[in-house]
Amino acid sequence: MTDETPKPPSFIHTAVAEDLHNGRFSHVRTRLPPEPNGYLHIGHSRAFLIDEKIAKDFGGKVDLRFDDTNPTKEETEFVEAIQDDVKWLGIQVDRVLYASDYFQLLYDWAIKMIHMGKAYVDDQTPDEVSKNRGSWGEPGKNSPYRERSVAENLDLLERMKKGEFPDGSRVLRAKIDMAHGNMNMRDPILYRIIHEPDHHRTGNEWCIYPMYDWAQGQNDAMHGVTHSLCSIEYEDHRPLYDWFLQTLEIPNPPRQIEFGRLNLTYTVMSKRKLRRLVEENYVNGWNDPRMPTLRAMKRRGYTPAAIRDFIDRVGISKTINSSSGVTVDVSLLEACVRDDLNKKVERRMAVLNPLKVVIENYPEGQVEEFSAINNPEDPAAGTRRVPFSRVLYIEQDDFRENPPPKYFRLTPGGEVRLRYAYFLKCERVIKDESGNLIELRCTYDPNSRGGNAADGRKVKATIHWVSAQHAVPASVRLYDRLFSNPNPESNGDFIADLNPNSLKQLENCQLEPSLAHAKVEESFQFERLGYFCVDSDSNSERLIFNRTVTLKDEWAKIVQQGGG
RNA sequence: UGGGGGAUAGUUUAGUGGUAGAACUACGGAUUCUGACUCCGUCAGCCUAGGUUCGAAUCCUGGUCCCCCAGCCA
């Protein structure tokens, strides 16, 4: 591995290195800033991995900090789920912090702002606040409460905090500039009143809660964060971020740096849309393997290594082509999983759509065992024994009565190799009254034991098989992309772009016996088919596999192009 | 309408004044007891118009197109 070409550093690396070089900072600390109001998806994981990478590359640390400043949206359940996902990804966080643990410090700063004449309690209704904010190209109007006395502001804020006023009746605002071109600077709201529900950590101790802008920079500062990395839609919040830190005269102010967000083709990423998929039952929950959430991807069989590789290959930039970022082709993600699983996972034979084969010249009652390689990419994985007998199952796709051009699997009178076993020739086709194919009568070549003919003749195809009397039945869920449109919603409602074939469950699959005791989450390559893992719905009665991703399939392409 | 940001093959991404390079995709081929893996090859790009320069993706000027912002969400 001497010739591995390191990825060039990102623009963030460049900026951080500069800060270190010119003495703005002497070390690096970043933070993962999730709001515990939902499950993490692949887009979050990228943001997190960027934070991790920057910290690691500069010998710094990364914290996990929950931005739990809005009790109406946040729950303990998500706090736990997020920590699980972070752990699963393998991110080693230095500290787990909660914005809510620092409400008092933030409140003290608000009091300081009032004393400085930089903050005031506004009694306007939400509607008035909104109207008086003005619009693009039109300045806002100063609130009639803007020039209240320090004493009155202090008193009012104290009573807001204690819960003397109803929700929505007042807010604390910074006094900046109602005519500013940047909307965020038009007297932003610092605190709003929220009585219900209780906060997941502070209970009913507070009746006011800080807004994102008011909390973010100060939290970063008090936790010693040097570089506050976030996505690009926060770029025009940066002036406000800096304004608070400067106005409060906070030493060693952290630096916010923004990067473009990650979107995927054939996927939706917004929390709103994902929630709709769940709530309207288009998928079976947040961990449905078709979802882009990390728990879903885990269940589907994606590995942290594959996700990390993917994020790495995508890189970091500020490019913006769509919804605040860049839209990466899912096929890159799929390529990354295949790469990882190919190296690590054992091979097995599994017949998804069984077609019965009787080998007429094979002795009834006889059973042989063949040795099969577990992983050609990893000799240390060794071999296993696979039983063979007179009645087998092969894949329906591996036989064609009227083969199209370029089809070189089994055909009437044709010969193929049964992987690791014998050459097999199809002699007769058996059908039911309505003409459906139900069975193949075949013969084998006893002189091809192990897979090579004594006379040296070749076959064009090798197919997988399972001995009928030894087979383990199972269900297999074939997952495909959730949407059939690379850019869901590009022509109307994204629900209309749902792929009707995103899940197909097969109930009559036949697996080689070594799979009988496969454990939940264990992954395998079913040869010639794809990568599959044991689903958590499995029990001692029934094995259920999820297809993580197919193998690349040249034949499928030929068929798609009309060749088959 | 005001503010902020972005533009290099189909998709991502390097390149920071000196021959535009990579990955994924697509296509073709070699190999193969997985139509997999591996290997080789092909197609394909600097948003645009000027300027500076011996030389511009890179510097300057003017356009064009795309994204984000008017929550008491984050």
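Sequence lines set the chain letters: A, B, ... in the order given, protein chains first and strands last, and positions in each chain run from 1.
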Rounded to the nearest Å, what distance is computed from the [atom1] atom of residue [X] to the [atom2] atom of nucleotide [N]?
X: A/Ile394; N: B/rU34; atom1: CD1; atom2: C1'; value: 15 Å
X: A/Leu264; N: B/rC24; atom1: CG; atom2: C1'; value: 13 Å
X: A/Phe310; N: B/rU11; atom1: CZ; atom2: P; value: 15 Å
X: A/Arg417; N: B/rG35; atom1: CZ; atom2: P; value: 10 Å
X: A/Arg400; N: B/rG35; atom1: CZ; atom2: C1'; value: 14 Å
X: A/Tyr266; N: B/rU11; atom1: OH; atom2: P; value: 13 Å
X: A/Phe408; N: B/rU34; atom1: CZ; atom2: P; value: 11 Å
X: A/Ile463; N: B/rU32; atom1: CD1; atom2: C1'; value: 17 Å

Parallel, tilted or perpendicular: which describes the rings of A/Phe388 and A/Trp465, with under 30° parallel and over 60° perpendicular?
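Because their plane-to-plane angle is over 60°, the rings of A/Phe388 and A/Trp465 count as perpendicular.
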Reading RNA chain B 5' to 3', what string of ( ), [ ], | and . shows its pairs, if Watson-Crick and G-U wobble pairs count only when both distances fall under 3.5 Å?
.((((((..((((....[..)))).(((((.......)))))....(((((..]....))))))))))).....
How close do [X] and [Y] get, counting heavy atoms only, and between which atoms?
X: A/Tyr191; Y: A/Ile189; result: O-CG2, 3.5 Å
X: A/Ile208; Y: A/Ile193; result: CG2-CG1, 4.0 Å
X: A/Gly217; Y: A/Leu245; result: O-CD2, 3.7 Å

What nucleotide, of B/rC24, B/rU13, B/rU34, holds the atom closest to the side chain of A/Val326?
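Nearest nucleotide to the side chain: B/rU13.
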Strictly below 4.0 Å, N to O, side chains only: are A/Arg457 and A/Glu415 in salt-bridge contact?
yes
Check A/Lys552, A/Lys344, A/Arg313 against A/Asp339 for a salt bridge (charged side-chain N to carboxylate O under 4.0 Å, His left out) and give me the one that passes.
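Answer to the salt bridge (charged side-chain N to carboxylate O under 4.0 Å, His left out) test with A/Asp339 among A/Lys552, A/Lys344, A/Arg313: A/Arg313.
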For A/Asp187, run the salt bridge (charged side-chain N to carboxylate O under 4.0 Å, His left out) check against A/Arg146, A/Arg173, A/Lys175 and tell me which one passes.
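The option that passes is A/Arg146.
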Sequence-aligned protein contact record of nucleotides 65-74 of chain B, with B where the base is within under 4.0 Å of a protein heavy atom and S where only the sugar-phosphate is
-SSSBBSBSB
Base, backbone or nothing for each nucleotide of nucleotides 36-47 of chain B, written B, S, -, heavy atoms under 4.0 angstrom, 5' to 3'?
SS----------
Do A/Thr69 and A/Asp67 have a side chain donor and acceptor closer than 3.5 Å?
no
Contact list (N/O, under 3.5 angstrom) for nucleotides 27-31 of chain B vs protein:
from, atom 1, to, atom 2, distance (Å)
B/rC27, OP1, A/Gln561, NE2, 2.6
B/rC27, OP2, A/Lys557, NZ, 3.3

Could you check whether [Y] and [X] have their ring centres less than 6.0 Å apart?
X: A/Phe423; Y: A/Tyr444; answer: no
X: A/Phe526; Y: A/Phe545; answer: yes
X: A/Phe370; Y: A/Tyr420; answer: no

Just call it for A/Arg238: base, sugar-phosphate, or nothing, with non-hydrogen atoms closer than 4.0 Å on any strand.
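No contact at all - A/Arg238 keeps every heavy atom at 4.0 Å or more from the nucleic acid.
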For A/Lys406, answer base if it contacts any base atom (sugar-phosphate contacts may also be present), sugar-phosphate if it contacts only those atoms, and nothing otherwise; contact means non-hydrogen atoms under 4.0 Å.
base
Across all chains, not counting sequence neighbours, the side chain to side chain donor-acceptor pair (under 3.5 Å) partners of A/Arg385 are A/Glu369
Partners meeting side chain to side chain donor-acceptor pair (under 3.5 Å) with A/Ser135 (sequence neighbours left out):
none
Where the side chain of A/Arg192 meets the backbone of A/Pro210, is there a donor-acceptor pair that is under 3.5 Å apart?
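Such a contact is found between A/Arg192 side chain and A/Pro210 backbone.
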